[in-house]
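This report refers to the structure that appears directly beneath it.
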Amino acid sequence: MAETFDSVDEYIASFPDETREVLGLIRRTLHEAVPGAAERISYQIPTLTVDGKPIVYFAGWAKHVSVYPLPVGDAAFAADIAPYRSGPGTAKFLLNKPIPYDLIDRIATFLIDERAT
């Protein structure tokens with residue numbers, strides 16, 4: 001049975017130091033991009049919400065971290081996200097490479113913009 005978590009803090013604390021640090025930075029990046037967002041565990045992963053509705057999810061794995069879903073964005077965004085795309089709605093960032101936090105910020109910003117339209 002999969003482990004269950006009551007909070008984002010508990011989820012992040014369940015990972016090794018390196019992954020925990022990256023997840024914490026992703027969390028901070030997403031909150032900076034979506035000021036006032038709440039957070040909860042949904043589908044057993046951290047989720048940022050606005051007005052009770054999920055906006056963006058993030059998760060840790062053994063060798064990577066992921067952010068879901070992926071917005072449409074613009075042509076420049078599509079080109080920038082292409083190396084990290086893992087399926088139609090997932091960005092996968094390997095832990096043994098630099099994490100592009102600016103790109104994660106853009107993911108969240110585009111998701112908020114898409115929600116507003």
Side-chain angles (χ1 to χ4, degrees):
M1 177 184 266
E3 190 170 353
T4 59
F5 303 97
D6 293 323
S7 71
V8 174
D9 287 332
E10 187 179 310
Y11 176 90
I12 291 172
S14 73
F15 286 89
D17 290 344
E18 177 188 7
T19 308
R20 188 169 47 242
E21 180 179 343
V22 170
L23 289 171
L25 289 170
I26 290 172
R27 181 188 199 183
R28 186 174 71 206
T29 299
L30 293 174
H31 274 286
E32 288 172 358
V34 187
E39 58 183 29
R40 68 176 187 227
I41 296 291
S42 182
Y43 301 107
Q44 288 306 310
I45 60 174
T47 308
L48 265 64
T49 65
V50 172
D51 298 328
K53 296 184 177 163
I55 297 296
V56 62
Y57 303 80
F58 63 101
W61 302 95
K63 296 183 180 183
H64 70 279
V65 292
S66 294
V67 176
Y68 327 81
L70 290 180
V72 174
D74 57 23
F77 174 77
D80 291 344
I81 199 70
Y84 305 102
R85 189 176 285 277
S86 176
T90 303
K92 179 179 175 181
F93 305 104
L94 297 176
L95 290 168
N96 65 352
K97 297 193 176 194
I99 305 295
Y101 296 103
D102 59 326
L103 186 57
I104 292 169
D105 177 274
R106 289 170 59 204
I107 290 169
T109 300
F110 277 124
L111 288 170
I112 285 295
D113 290 348
E114 286 179 3
R115 182 171 186 253
T117 59

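Not measured: the values here are computed from a predicted model.
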Donor-acceptor under 3.5 Å ([X] side chain, [Y] main chain):
X: Arg85; Y: Pro88; result: yes
X: Asp51; Y: Lys53; result: no
X: Glu114; Y: Val72; result: yes
X: Tyr68; Y: Ala59; result: no
X: Arg27; Y: Phe58; result: no

How close do [X] and [Y] get, counting heavy atoms only, and between which atoms?
X: Ser66; Y: His64; result: OG-CD2, 3.3 Å
X: Phe15; Y: Trp61; result: CE2-N, 4.0 Å
X: Ala37; Y: His31; result: O-CE1, 3.4 Å
X: Thr19; Y: Gly60; result: CG2-CA, 4.5 Å
X: Thr47; Y: Ser42; result: OG1-CB, 3.3 Å
X: Thr29; Y: Asp105; result: CG2-N, 3.7 Å

Is any side-chain heavy atom of [X] closer than 4.5 Å to a side-chain heavy atom of [Y]?
X: Ser7; Y: Glu39; result: no
X: Val67; Y: Tyr57; result: no
X: Leu94; Y: Tyr84; result: no
X: Val8; Y: Ile41; result: yes
X: Ile104; Y: Leu25; result: no
X: Leu70; Y: Phe110; result: no

Spacing of Ile45 atom CD1 and Leu23 atom CG [to the nearest 0.5 Å]: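 Going from the CD1 atom of Ile45 to the CG atom of Leu23 covers 10.5 Å.
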
Interatomic spacing from CG in Leu30 to CZ in Arg28 - rounded to 0.5 Å: 11.5 Å

For atom CD of Glu21, decide whether the heavy atoms of other residues, nucleotides or ligands shown that lie under 6.0 angstrom number more than 12. no

Please walk me through it: do Lys63 and Asn96 pass side-chain contact (heavy atoms from CB on, under 4.5 Å)? CA-CA 8 Å; Lys63 296 183 180 183; Asn96 65 352; over 6 Å; no

Between Ile107 and Ile81, does a side-chain contact (heavy atoms from CB on, under 4.5 Å) hold up when you go through it step by step? CA-CA 9 Å; Ile107 290 169; Ile81 199 70; 3.9 Å; yes

